[in-house]
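As a basis for the values below, the full set of heavy atoms in this structure was taken, side chains included, without hydrogen atoms, waters or symmetry mates. We're numbering straight along the sequence, starting at 1.
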Amino acid sequence: MEFRNRRNQPPAMDDATTSNDIRLREGSSIAQRLVVAGSAAAVALCFTPGLFTHDTLEIIISVVALLVGAGFVVGIMMAPAVVWIITPDEILIGHQRPFGKLQTRIVPKDDITGLQVPGSKRVKARFQLVFTLVSGERLTSPPISDVTHVRDTVARIATQFDVPHVEEPVNPLDASNSEMHLGEPLEAFSARDIRIVALIAVALSAVPYAYKLWRGWPPSHVDILLLPLGAIAAFAVYRYANLVTGAFWIIREGDIRVERLWGDGQPRTDHIEGHEVKTITVDRRGRSEDEHCIVTIRLRSGRRFRSPRIGSRLEARAVGAEIVRRLGIAAENNKI
C-alpha cells in the first residue's frame, strides 16, 4: 500500500519510527493469505464427493461445507491492509482491500480528545492505540510493533497531541523495565489433577477391551495392546506432566534467567550470558508469522533455548534486539 503525495498521500509505510513520524501497519502478506486460503479450500474440497451420492443428508453437508469454505477463502483474501502515519499534527490513515482503491483519511490534531492503550487478550505484550475524537468516534490503530518501547511511544503521542491523563500501559517487555518478562511465572500441576488425568488415560485405553467383553466378543490384538499403552501413558503423565508448563524468561542487563520445571514439579533454573551465545534468531512456531514467533538462542555448548511465544515477527524482532543490547551479543552472532 502506498500514499503518493506529502499531505494526503505520504510515502510508502512500514512498521518503523522515522524522524517525527510513527508508522504502523496491519494486514497479512499475499503469501500468508494464499497459504491459509489454500488450506481452507483443500479442507472444503474434501467434502465434494458427497455431492455425487444419492444421500440427501450427505449432499446437504457437502454443499454447506463448500459454501463455508468459499466464504472463509473470500474473507481471508479480501481482508484489508491498514496503515497509519502519526505525525506531530495529524494522523494519516490508509485502508485498502486487494484489487480495491486506496481509501485515505486525515485526522487533525485538534479533533483528538482522548487516548487509551488497551492490551490484547490473545497476546499479552501487544498494544493498540485507541483515539477518541471530538465527535465521540473511536479509532483503533494497528498494533505497536516495537513492543519494547510502548511507554515511550505512548508518552510521545500524548505529548504531541496534548492529550491529558493517559494511563501508562503495563508492559512486561518494555525496555524501561529493569527486568523484562517473557511468559508467565510457572506453577506445578496439583497432584490431584495429575492423578485424574492419569486415571482418564487408563480408562480410555480400557474402554475398547471392556466393550468387547460386555458384548461377548473376543478382544482383538489392538484392544489388548491398548491396555499396556494406557498404563504407560498414565505413568508418563504422572512422571512428566510438569515438563509441558513451558518456560519463564527474565531478561536483565547482562543475563537471562530461564525458569522451568522438572517432571516432579521441582524448579529448574538456567542462566544465559552474552559471551555464551553462538546465534540468536527469530523463528516461527505455529501457523502464522502474525501470532507465533519466538526468539531462539543457541549457545556455544550446543544447548538451545526457545522463548515463550511473543507474537508477530516484528514484535519478536524488537524483543530480540533488546536481548542483543542487554546481553552485549556480538554482531556476528546476531541473526535476527
> Taking it one step at a time, do N242 and T245 satisfy side-chain hydrogen bond (donor to acceptor under 3.5 Å, both in side chains)?
Replying inline: CA-CA 6 Å; N242 288 296; T245 53; 5.5 Å; no
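- Closest heavy-atom contact between V202 and S205: O-OG, 2.7 Å.
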> When you look at F189 and L261, which way does the side chain to side chain contact (heavy atoms under 4.5 Å, CB included) test go after all the steps?
Replying inline: CA-CA 10 Å; F189 294 116; L261 297 178; over 6 Å; no
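- Between R309 and E184 no salt bridge is recorded (no basic side-chain N to carboxylate O distance below 4.0 Å).
- Counting all heavy atoms, side chain and backbone alike, A201 lies closest to A234 at CB-N, 4.3 Å.
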> Should I112 and T132 be marked as a side chain to side chain contact (heavy atoms under 4.5 Å, CB included) after you check the CA-CA gap, both sets of side-chain angles, and the distance that decides it?
Replying inline: CA-CA 6 Å; I112 298 172; T132 303; over 6 Å; no
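- Remark: T153 OG1 to F127 CZ distance equals 11.0 Å, nearest 0.5 Å.
- The side-chain contact (heavy atoms from CB on, under 4.5 Å) with M180 is formed by just one residue from the set V147, T148, D174; it is T148.
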>> As a quick check of understanding, evaluate salt bridge (charged side-chain N to carboxylate O under 4.0 Å, His left out) for R298 and E276, giving each step before the final call.
In response: CA-CA 9 Å; R298 293 173 177 83; E276 300 175 323; over 6 Å; no
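- The environment of E332 atom CD is dense: over 12 non-hydrogen atoms of other residues, nucleotides or ligands sit within 6.0 angstrom.
- Looking at Q160, its side chain does come within 3.5 Å of a backbone N or O of T87 through a donor-acceptor pair.
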> What do the steps show when you test N333 against T279 for side-chain hydrogen bond (donor to acceptor under 3.5 Å, both in side chains), and what is the final call?
Replying inline: CA-CA 5 Å; N333 300 329; T279 59; over 6 Å; no
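- Heavy atoms of other residues, nucleotides or ligands lying less than 6.0 angstrom from CD of E137 number more than 12.
- The shortest non-hydrogen separation linking V295 to A316 is CG2-O, 3.7 Å.
- The two atoms that bring I157 and I22 nearest to each other are CG1-CD1, 3.5 Å, heavy atoms only.
- Follow the hydrophobic side-chain contacts under 4.5 Å out from V277 and you reach V324 in the same cluster.
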>> V64 vs L66, test: side chain to side chain contact (heavy atoms under 4.5 Å, CB included). Steps then yes/no.
In response: CA-CA 5 Å; V64 171; L66 288 172; over 6 Å; no
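- Taking 4.0 Å as the cut-off between side-chain N and carboxylate O, D89 and K109 do not count as a salt-bridged pair.
- Remark: R268 does not engage E259 in a salt bridge, criterion side-chain N to carboxylate O under 4.0 Å.
- A pairwise comparison of heavy atoms in H149 and A175 identifies NE2-CB, 4.0 Å as the closest pair.
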> Which is it for L182 and V319 under the side chain to side chain contact (heavy atoms under 4.5 Å, CB included) test, yes or no, and what are the steps along the way?
Replying inline: CA-CA 9 Å; L182 260 177; V319 174; 4.2 Å; yes
>> Does E167 form a salt bridge (charged side-chain N to carboxylate O under 4.0 Å, His left out) with R151? I'd like the steps, not just the answer.
In response: CA-CA 10 Å; E167 185 176 351; R151 291 175 187 160; over 6 Å; no
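- Remark: D270 engages R260 in a salt bridge, criterion side-chain N to carboxylate O under 4.0 Å.
- Smallest separation of non-hydrogen atoms from I224 and P219: CG1-CB, 4.2 Å.
- Residue K278 places its NZ atom among 12 or fewer non-hydrogen atoms of other residues, nucleotides or ligands, all under 6.0 Å distant.
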